[in-house]
Protein chains: 4
Amino acid sequence: MSRNARKTEILRTAAGVFREKGFHGARIQDVADRLGMQKGSLYYYISSKEDLLRGLVEEPIRAMNQEVRELLDTGYAPAQKLARVIELHLRYFQEHRDIFGIFLREDIELLDQTSDSDLRALLRTYEDYWDELLQEGIADGVFREDIDRSVITKAVIGMCNGTFTWFNPDGRYPIQEIARLLADFALRGVCREESVPSERIASP
Amino acid sequence: MSRNARKTEILRTAAGVFREKGFHGARIQDVADRLGMQKGSLYYYISSKEDLLRGLVEEPIRAMNQEVRELLDTGYAPAQKLARVIELHLRYFQEHRDIFGIFLREDIELLDQTSDSDLRALLRTYEDYWDELLQEGIADGVFREDIDRSVITKAVIGMCNGTFTWFNPDGRYPIQEIARLLADFALRGVCREESVPSERIASP
Amino acid sequence: MSRNARKTEILRTAAGVFREKGFHGARIQDVADRLGMQKGSLYYYISSKEDLLRGLVEEPIRAMNQEVRELLDTGYAPAQKLARVIELHLRYFQEHRDIFGIFLREDIELLDQTSDSDLRALLRTYEDYWDELLQEGIADGVFREDIDRSVITKAVIGMCNGTFTWFNPDGRYPIQEIARLLADFALRGVCREESVPSERIASP
Amino acid sequence: MSRNARKTEILRTAAGVFREKGFHGARIQDVADRLGMQKGSLYYYISSKEDLLRGLVEEPIRAMNQEVRELLDTGYAPAQKLARVIELHLRYFQEHRDIFGIFLREDIELLDQTSDSDLRALLRTYEDYWDELLQEGIADGVFREDIDRSVITKAVIGMCNGTFTWFNPDGRYPIQEIARLLADFALRGVCREESVPSERIASP
DNA sequence: AATGAATGAGCATTCATTCAT
DNA sequence: TATGAATGAATGCTCATTCAT
């Protein structure tokens with residue numbers, strides 16, 4: 001197994017452990033145990049427990065950013081893009097519950113470390129994409145001109161992040177349906193009155 | 001000083017310490033130091049560090065709930081109530097940053113402990129109030145009938161909670177302005193098209 | 001037992017352990033074991049292993065300094081004072097072999113830490129006393145005017161410190177005899193030719 | 001590069017690292033890093049960290065011994081030889097500060113390991129040379145008959161070793177001057193009164 | 001009500017060394 | 001010769017909690 005594959009394996013395993021026990025509750029020992037290796041050997045791949053966490057969180061955000069970027073570059077109408085980004089956000093959060101769970105719990109701590117960390121940059125990029133999306137919608141005349149893009153971006157992201165706490169995969173609605181409801185809610189918030197797409201058009 | 005006053009003083013002090021260092025980063029010693037007492041003596045008032053945290057978080061949520069209850073009982077129009085609840089939520093979060101900061105970071109863990117904790121009940125109550133508000137708006141014919149009250153409630157709460165991470169008191173907007181922007185966004189999401197209040201009416 | 005007595009007991013015990021195993025070779029555990037207490041409890045009295053070492057070394061040097069000070073303040077002739085300081089130095093080194101053994105091995109490290117440490121000041125004081133002694137002898141006309149007081153001081157101290165490595169209590173000479181021989185050697189080095197005291201006068 | 005050259009390079013590098021960080025503070029990793037090789041590879045040349053240290057220390061002492069031997073075999077007068085040995089000692093200590101610094105700090109430990117180590121023998125030889133020198137001076141009638149050769153030897157060596165701690169290359173005196181002052185001091189200690197050489201003759 | 005001493009379990013990290021390749 | 005991965009023992013220090021006084 002290549003060094004890189006090994007590192008990936010370690011990250012994946014750590015993700016599970018951190019999720020189950022929380023970052024503080026998890027011991028490096030636990031990660032090592034689950035990998036069937038010595039605690040000390042882990043340090044051949046990581047430099048600290050915090051480093052492990054950081055490495056863990058960055059990857060899926062990076063991937064998410066990339067998917068959003070690709071979406072923005074398509075020819076979909078802004079409203080549709082918005083709905084799709086929300087769905088994508090929710091999907092990522094659910095598919096990587098382990099990691100985002102950690103992220104949401106620890107992010108403040110993580111971000112405080114170095115203001116120019118990769119992580120901070122990634123988050124800024126994600127917000128920039130939202131900003132771009134809103135701008136496009138305004139230029140197209142479908143989103144209201146008077147929205148505060150920065151605040152709305154943060155509002156929508158907060159709304160999406162919140163699903164982590166309350167969404168239940170075994171509940172009444174599947175995640176796509178939640179995404180549709182949230183997108184509908186958000187679109188009403190940003191569209192000019194006459195432009196609110198009828199629901200079934202807004203969501204893909 | 002009465003036992004109760006002392007306990008309150010301890011809670012308040014702990015709140016500050018937890019906020020500054022995080023729950024895990026704070027030591028009982030720190031709390032004792034700041035109170036000018038021995039850490040052993042603290043245990044005359046509290047039963048554990050976790051207990052301290054729990055006691056801490058419940059109070060402002062309880063107070064918040066009460067304010068919301070009172071608001072709901074006024075004669076304001078639903079749209080106005082909604083705007084005011086959002087403002088209230090944001091105001092509480094900022095005024096008790098210490099405590100809510102902890103809460104947002106630790107809640108899952110805390111709640112998992114005992115599913116029938118007071119805390120869980122308080123949070124349920126807060127959601128119920130939102131549900132009641134939305135119901136009233138629908139009954140009044142101002143809110144759309146087809147919104148999913150449960151999902152929208154959670155969406156709005158998530159949106160408000162998010163401010164904790166990004167709101168900057170020294171930033172462009174004061175918290176009231178943020179509240180207004182979020183309320184406006186939310187109202188567009190829930191109101192029947194013809195009922196969206198013009199901005200300045202919506203916010204108190 | 002008072003807090004202070006306890007601390008003293010800890011210092012004494014640590015001295016023995018450090019001497020036997022060397023500072024690096026000794027574990028805090030060893031010290032705790034020998035005291036019949038928990039490792040963690042030690043930290044109620046000390047703040048770190050290094051702190052333990054520092055506290056250890058300072059005390060006898062302080063005591064030694066004081067004895068030298070008192071000696072300088074007597075009416076003995078400079079040559080006699082010199083002989084007595086050497087004897088005193090050797091006696092301290094042998095009586096506190098544990099501690100000075102550590103000191104000699106670790107001093108560089110210890111001193112590098114903070115240039116204004118108590119330890120450094122103590123050592124400077126000790127050298128100052130030697131300087132004062134030499135000055136007095138020169139003023140009295142018994143020590144040569146052309147000696148470099150600073151260098152000679154260091155030479156004599158080095159000579160004395162060296163005994164730590166080679167002096168054997170079970171050897172041919174008792175420590176007093178060694179002191180006499182070294183004093184004799186040193187006196188010939190610093191006295192004007194005609195003033196070298198006949199041996200038996202020089203030593204007390 | 002031959003195995004031997006490689007080993008020499010390793011020793012030299014290790015010397016620098018040990019000097020900078022101390023034996024305990026230095027890691028094998030550091031040595032490997034500075035050599036641009038893997039730490040595992042080092043073990044092809046050395047058998048342990050301690051072995052590395054031992055190998056390191058022996059060489060310059062061996063070289064020093066040899067120079068002293070050669071000096072003793074010249075026709076210089078004993079007083080001159082003594083002055084030159086002191087200068088040689090100081091020069092070696094300064095030129096190989098790295099190694100002697102380690103030696104002075106660790107010798108006891110190292111020597112304790114195997115009492116019949118090469119190192120111990122080398123040190124004994126060095127003392128024997130001093131003894132021989134003193135004997136020659138006595139036979140020549142320039143050194144006093146009543147000195148205790150063994151004690152004086154150790155006194156002088158201690159005095160010289162001490163320079164390691166206090167000599168500062170950027171200080172008032174260059175090392176040669178210190179050597180001259182110490183030699184002068186020592187000569188007064190060992191010479192018959194009438195034989196103390198006038199300073200400038202004593203030193204070469 | 002408060003103290004001060006003691007506890008004891010817990011844990012990340014380091015590092016010399018080994019060894020298959 | 002050299003590599004790189006893995007080992008595993010070692011250890012200083014923290015801290016919530018207890019409890020006799």
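Going from atom CD1 of D/Ile28 over to atom C1' of E/dA16 covers 7 Å, rounded to whole Å. Protein atom CG of B/Leu53 is 14 Å distant from nucleotide atom C1' of F/dA16, rounded to whole Å. Per the geometry, CD belonging to B/Glu50 stands 11 Å off P belonging to F/dA16, to the nearest Å. The CG atom of D/Asp51 sits 9 Å away from the P atom of E/dT17 (whole-angstrom rounding). Computed from coordinates, the B/His24 NE2 to E/dG10 P distance equals 16 Å when rounded to whole Å. Between the CZ atom of C/Arg27 and the P atom of F/dA9 there is a distance of 14 Å, rounded to whole Å. Computed from coordinates, the B/Asp33 CG to E/dT3 P distance equals 12 Å when rounded to whole Å. Distance NZ (D/Lys49) to P (F/dA9): 20 Å, rounded to an integer number of Å.
Listed for the B/Asn65 side chain is a donor-acceptor partner under 3.5 Å among the backbone atoms of B/Leu122. Under the 3.5 Å distance criterion, the side-chain polar atoms of C/Lys49 are left unmatched by any main-chain donor or acceptor of C/Arg27.
With contacts defined as side-chain heavy-atom distances shorter than 4.5 Å, the pair C/Leu104/C/Thr165 does not qualify.
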For a salt bridge (charged side-chain N to carboxylate O under 4.0 Å, His left out) check, start with the C-alpha distance between D/Arg54 and D/Glu58, then their side-chain angles and the critical distance, and finish with the verdict.
CA-CA 6 Å; D/Arg54 236 186 305 270; D/Glu58 279 175 20; 5.8 Å; no
Given the rule in the salt bridge (charged side-chain N to carboxylate O under 4.0 Å, His left out) test, do D/Arg62 and D/Glu59 qualify, once you have shown the distances and angles that lead to the verdict?
CA-CA 5 Å; D/Arg62 203 179 300 276; D/Glu59 203 212 67; over 6 Å; no
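Among the heavy atoms of the strands lying under 4.0 Å from A/Ala26 are primed sugar atoms or P, OP1, OP2 only; no base atom is included.
Using a 4.0 Å cut-off between charged nitrogen and carboxylate oxygen, C/Glu9 and C/Arg6 count as a salt-bridge pair.
A heavy atom closer than 4.0 Å to some atom of DNA chain F occurs in C/Lys39, C/Gly40, C/Tyr43, C/Ser48, these being the qualifying members of residues 36-48 of chain C.
Nucleotides of DNA chain E nearest to B/Arg6 and A/Gln29 differ in position, and the one nearer the 5' end is that of B/Arg6.
Using the six-membered ring where Trp is involved, C/Phe23 and C/Phe18 have ring planes that are perpendicular, over 60° apart on the 30 and 60° scheme. Using bins of under 30°, 30° to 60° and over 60° for the plane-to-plane angle, the ring pair C/His96/C/Tyr92 lands in the parallel bin.
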Applying the Watson-Crick and G-U criteria (both distances under 3.5 angstrom) with [ ] for crossing and | for other-strand pairs, one obtains for DNA chain E .||||||||||||||||||||
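The shortest heavy-atom contact between D/Ile61 and D/Leu123 is CD1-CD2, 4.0 Å.
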